[in-house]
Amino acid sequence: MLRLRRAAPLCIVALGGPPLLPACGTAAPSASSSESGKRAGAVGLSLTLSDGSTLHTVTYEIEGPGSFDKKGTIDVSDSTKTTATIGGIPAAHGYTITLGAGGDGGPVSCSGSASFDVTAGATTTVGVAVDCHEPAKTGSVAVQGSVDVCPVVDGLSALPSSVFLGASVALRAEAHDGDSGPSPLTYAWSASAGVLDGTSGPTPTFTCTAPGTATVTVTVSDGEASCDASSAVSIDCGTDASDTFYTTKTPYEPRQDASTYEPPPAGFSTVFTEIVARHGSRGLSSVKYDAAAYNMWKKASDDGALTALGASLGADITKLMKANALLGFGVPGISTPGYGNLTQIGIHEQQQLAARLVARQSSYFAEIGATAGSATPRQVVVVSSGVDRAVDSAAFFSQSFGTQAPGLSSLIVRPPAPVGYPANAPVVQPAGTNRFLLYFHKLAAKTDLVTNPADPYYQTYQDSLAFQAYASDPDLNAKVSSILADPSAKAAARAVLEGLFASSFVDKIDSGTYTFANTGTYSFTSDDGMYSATVAGDGKTTVKSLTDAASMLYNLYVVAPAMQNEVSVDFARYIPSAQGRVLAYLQDAQDFYQMGPGIQEANPITYKMAQALENDFFTEIDAIARGDLSHGAKLRFTHAEIICPFASILGLPLTFAPVPKANTYTYDDNPWRGELVSPMAANVQWDVYRDSSGKLLVKMLYDEKETDFKPACESARYAPGSHYYAYDALSACYGHTPS
């Protein structure tokens with residue numbers, strides 16, 4: 001701080017003294033002299049300070065006895081003297097004068113004071129020391145340093161690091177922070193592709209959703225961003241979902257262990273659950289592929305064109321035909337044995353699916369069971385498509401469901417089917433049937449005609465007709481035909497066939513010389529002689545190309561695993577893995593275009609008809625939101641042709657990846673796989689939770705794996721990374737209007 005001192009002498013004149021003295025201590029001139037006038041006009045003080053600022057005025061205040069107080073301002077801007085005379089002060093002792101000033105060229109302040117006495121008729125000279133202070137032009141900084149030991153990622157594991165599409169990888173990050181501060185460690189995960197679950201902890205899971213290499217990165221922080229530590233791992237996402245290539249005929253397995261499910265948020269408990277499930281594993285739907293394949297084999301046998309491997313094919317086809325013709329005989333719950341029925345594996349799939357549902361919601365279903373016989377029972381509503389295998393699946397599921405908790409059996413109800421259909425001649429459908437919800441891909445005038453636009457199912461009926469007409473769409477057929485005609489398909493077909501038949505025989509199929517169809521009548525009797533069945537082909541399934549011929553055998557290959565308890569045949573030996581992959585692709589491609597997300601420009605024709613089923617899911621929860629708890633659960637049973645478009649309309653991961661018309665669906669660049677989208681007993685479950693305030697949350701399981709809703713609903717998540725969604729926001733995201 002710079003301190004300037006300037007002495008400013010002042011002359012103080014007592015009352016009765018000369019009115020104005022020219023200078024302190026000098027004789028007063030005559031009032032008429034020019035010198036006197038000049039001095040009288042030069043009363044002022046001008047001080048220039050060292051920082052360049054100038055004092056233009058000085059304020060003064062004189063205080064004294066008797067509450068004397070005199071203030072004023074002295075203009076010193078034009079003065080070369082540092083003196084001034086102030087008159088009119090009563091004679092007395094104990095005065096104080098205070099001077100003050102400020103510079104206009106800089107932030108300088110000046111002040112000073114002095115004491116004096118005044119004698120009557122005399123001038124008192126007072127010297128006042130004025131101190132001028134400049135502000136500091138430099139400063140200091142106080143450094144308070146701290147030491148943060150940055151966290152370290154000790155290891156990052158991915159088990160396994162190479163999986164097929166749709167499979168999950170367990171991730172684990174191991175890290176430490178030497179000083180455990182300033183905050184506890186946090187984990188943030190990101191991936192270049194695929195889906196991450198549980199991204200705020202050290203052990204999330206990663207799901208492959210696209211073929212190729214995905215890079216997963218974890219960033220560990222102790223609260224100091226500049227100290228974060230990161231590590232990355234690569235995961236190889238293979239193009240195949242498995243190495244069996246059974247597509248939509250794949251027997252069911254749950255895709256997640258229930259013990260790893262995210263628990264509901266604090267304060268929330270189950271209030272409702274609902275499911276739509278495909279029927280369980282079944283045999284062949286009718287006499288089609290087996291009869292066509294058998295006729296082809298029989299001709300090769302007659303021609304002497306069988307290889308050593310091919311020689312055993314005929315017996316295996318016959319065994320499979322017999323098992324399908326007698327399928328369900330002697331099985332409680334199967335009323336009409338034969339083609340299309342559930343196998344023992346399919347029955348078990350439904351029974352175990354029900355058992356797991358009750359087990360994971362055991363407390364809730366115990367509460368539901370306790371309402372049996374009360375004035376307000378909570379019903380378990382069961383509906384199906386009305387087709388035998390779906391009806392049977394509902395029955396086996398319900399039977400198992402009812403044995404898991406006391407009271408559940410008596411709560412199961414099958415509501416009346418929609419009435420008034422077909423519109424021209426209504427027919428009453430069996431209770432528990434709803435074709436508009438669960439068989440919408442094949443609605444027909446003879447069973448389902450809707451003519452009133454105000455009917456709630458009118459749009460579903462129209463959308464079903466549009467979907468069925470789409471089967472003749474030129475773009476669709478051109479796309480499927482180009483896939484089937486691809487040289488790689490023909491090469492794979494020839495490789496399969498030449499393992500069974502002589503090349504000359506295969507050439508005759510290729511040239512069109514030989515064609516085959518599912519003709520013939522076949523009779524079989526059970527081993528105990530208690531049941532016989534005769535079946536016949538309709539001639540509509542034909543073999544006119546190499547890919548047709550290989551596809552007949554492929555369809556026997558994919559159904560055999562579901563029939564392991566009914567017949568011992570191994571069709572895998574007839575379909576080598578490399579060729580199985582190609583044939584599976586041909587089947588998946590047809591399903592992708594015909595009932596999956598398909599051609600992007602044609603959307604939503606392959607899945608718009610699923611809107612009724614989506615609405616039904618939301619409508620059930622709307623009732624819960626209104627306080628209507630009459631339904632405790634809703635169980636629906638259907639077909640692959642329903643599950644595939646339902647998954648598309650919901651926009652579920654791996655299921656909705658349409659392809660522009662200019663491109664073609666392939667395994668190499670699209671995650672859609674039949675065995676992931678709709679294996680046997682495929683299912684979508686919504687669990688609903690409620691807290692004391694009435695707020696509702698929804699969590700979805702897809703094949704019993706915690707699954708996110710479509711990406712557009714991200715803001716509906718209850719918390720970042722959670723599988724629970726706020727129902728009101730979720731409903732709005734899907735454009736649903738609460739009922």
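Owing to the predicted nature of the structure, the values given are computational and were not obtained by experimental measurement.
- Within the 3.5 Å criterion, the main-chain N or O of Thr336 finds a donor-acceptor partner in the side chain of Asn341.
- Classification of Lys442 and Asp448 as a salt-bridged pair fails, no side-chain N sitting under 4.0 Å from a carboxylate O.
- Ion pair Asp527/Lys322 flagged as a salt bridge, since at least one NZ, NE, NH1 or NH2 atom sits closer than 4.0 Å to an Asp/Glu carboxylate oxygen.
- Ring centers of Phe505 and Tyr514: under 6.0 Å apart, within the cut-off.
- Checking Asp669, Asn670, Asp668, Thr664 one by one against Thr666, the side-chain hydrogen bond (donor to acceptor under 3.5 Å, both in side chains) holds for a single residue, Asp669.
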Take Ser545 and Asp548 through the side chain to side chain contact (heavy atoms under 4.5 Å, CB included) test and state the conclusion after the steps.
CA-CA 5 Å; Ser545 68; Asp548 286 344; 3.3 Å; yes

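- Here CG of Leu701 is found 8.0 Å from CG of Asn683. Values are rounded to the nearest 0.5 Å.
- Ring-centre distance between Phe245 and Tyr554: not below the 6.0 Å cut-off.
- Counting only heavy atoms from C-beta outward, the side chains of Lys634 and Val383 approach each other to under 4.5 Å.
- Checked by atom type and distance alone, the side chain of Asn663 never pairs as donor or acceptor with a backbone atom of Val659 at under 3.5 Å.
- At a cut-off of 3.5 Å, with distance as the only test, no side-chain donor of Thr638 or Ser385 sits close to an acceptor on the other residue.
- For the pair Phe571/Asn555, no side-chain contact is recorded, criterion being any heavy-atom separation below 4.5 Å from C-beta on.
- Side-chain contact between His441 and Pro645: absent, with no pair of heavy atoms (C-beta onward) separated by less than 4.5 Å.
- Considering all non-hydrogen atoms of both residues, Pro561 and Tyr246 come closest at CG-CZ, 3.3 Å.
- Ser400 and Gln350 form no side-chain donor-acceptor contact under 3.5 Å, judged by distance and modelled atom types alone.
- Residues Val582 and Ser488 share a closest heavy-atom pair of CG1-O, 4.0 Å.
- Side-chain atoms of Asp257 come within 3.5 Å of backbone N or O of Ser259 as a donor-acceptor pair.
- Listed by first and then second residue, the salt bridge (charged side-chain N to carboxylate O under 4.0 Å, His left out) pairs involving residues 604-614 are Asp463-Lys608 (not counting sequence neighbours).
- With a 4.5 Å cut-off on side-chain heavy atoms, Arg389 and Leu342 count as touching.
- Residues Arg636 and Glu274 are paired through a salt bridge, judged by an N-O separation under 4.0 Å between the basic side chain and the carboxylate.
- The closest donor-acceptor contact from the side chain of Ser523 to the backbone of Thr534 lies at 3.5 Å or more, if one exists at all.
- With Tyr667 as reference, Tyr585 is the one residue of Trp672, Phe592, Tyr585 to meet the ring pair (Phe, Tyr, Trp, His ring centres under 6.0 Å) rule.
- The CG atom of Leu635 sits 12.5 Å away from atom OG of Ser393, with the distance rounded to the nearest 0.5 Å.
- Minimum heavy-atom separation, Leu438 to Val276: CD2-CG2, 4.0 Å.
- Counting heavy atoms from C-beta on, the side chains of Met321 and Tyr339 come closer than 4.5 Å.
- Under the 6.0 Å cut-off for aromatic ring centres, His639 and Tyr439 qualify, their centroids lying closer than that.
- For Glu253, there are no salt bridge (charged side-chain N to carboxylate O under 4.0 Å, His left out) partners two or more places apart in sequence or in a different chain.
- Residues Ser503 and Arg494 have side chains that never bring a donor and an acceptor to within less than 3.5 angstrom of each other.
- No donor-acceptor distance shorter than 3.5 angstrom exists from the side chain of Thr525 to the backbone of Ser532, with no hydrogens or angles considered.
- Between atom CD1 of residue Ile649 and atom CG of residue Leu613 there is a gap of 9.0 Å, rounded to the nearest 0.5 Å.
- For Arg356 and Gln404, the side-chain atoms include no donor-acceptor pair closer than 3.5 Å.
- In summary, the aromatic rings of Phe329 and Phe524 are positioned with their centroids too far apart to meet the 6.0 Å limit.
- The distance from atom CG of Asp591 to atom OG1 of Thr606, rounded to the nearest 0.5 Å, is 12.0 Å.
- A 4.5 Å side-chain heavy-atom check between Leu165 and Asp240 finds every atom pair outside the cut-off.
- Inspection of the Ser312 and Tyr574 side chains reveals an N or O donor paired with an N or O acceptor under 3.5 Å.
- The aromatic ring centres of Tyr421 and Phe436 sit less than 6.0 Å apart.
- With contacts defined as side-chain heavy-atom distances shorter than 4.5 Å, the pair Val677/Thr248 does not qualify.
- Between the side chains of Thr519 and Asn295, at least one donor-acceptor pair of N or O atoms lies under 3.5 Å.
- Nearest heavy-atom pair, Met563 versus Thr343, reported as atom, atom and distance to 0.1 Å: CG-CG2, 3.8 Å.
- Considering only heavy atoms from C-beta on, Asn518 stays 4.5 Å or farther from Tyr289 through its side chain.
- Note on residues 286-314: pairs passing salt bridge (charged side-chain N to carboxylate O under 4.0 Å, His left out), not counting sequence neighbours, are Lys298-Asp302, Lys299-Asp303.
- Between the side chain of Ser409 and the backbone N or O of Gly402, at least one donor-acceptor pair lies under 3.5 Å.
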Let's go through Phe617 and Phe646 carefully: what are the C-alpha distance in whole Å and the side-chain angles of both, what is the deciding distance for side chain to side chain contact (heavy atoms under 4.5 Å, CB included) to 0.1 Å, and is it a yes or a no?
CA-CA 11 Å; Phe617 266 69; Phe646 185 55; 3.9 Å; yes

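- Using modelled atom types, one finds no donor on one side chain facing an acceptor on the other under 3.5 Å when comparing Gln611 with Thr460.
- In this structure, Arg278 forms no cation-pi arrangement with Tyr252, as its terminal cationic atom is not both closer than 6.0 Å to the ring centre and no more than 45° off the ring axis.
- Taking OH of Tyr593 as the start and NZ of Lys479 as the end, the distance is 5.0 Å to the nearest 0.5 Å.
- Geometric assessment of Arg435 against the ring of Phe440 yields a negative cation-pi assignment under the 6.0 Å and 45° thresholds.
- A side-chain donor-acceptor contact under 3.5 Å links Ser526 to the backbone of Met530.
- One N or O on the side chain of Ser481 and one on the backbone of Asn477 form a donor-acceptor pair closer than 3.5 Å.
- The closest donor-acceptor contact from the side chain of Gln468 to the backbone of Leu443 lies under 3.5 Å.
- Remark: the Asp588 side chain and the Gln590 side chain contain no N/O donor-acceptor pair separated by less than 3.5 Å.
- Here the closest heavy-atom approach between residue Ser648 and residue Thr655 is recorded as OG-O, 3.8 Å.
- In this model, a donor atom of one side chain and an acceptor atom of the other lie less than 3.5 Å apart for Gln256 and Thr260.
- The CG atom of Leu408 sits 10.5 Å away from the OG atom of Ser398 when rounded to the nearest 0.5 Å.
- Looking at every heavy atom in both residues, Leu353 comes nearest to Glu704 through CD1-OE2, 3.4 Å.
- The main-chain N or O of Ala633 is never found under 3.5 Å from a side-chain atom of Thr273 such that the two would form a donor-acceptor pair.
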Just do the side chain to side chain contact (heavy atoms under 4.5 Å, CB included) check on Val413 and Val380 with the steps written out, would you?
CA-CA 6 Å; Val413 298; Val380 176; over 6 Å; no

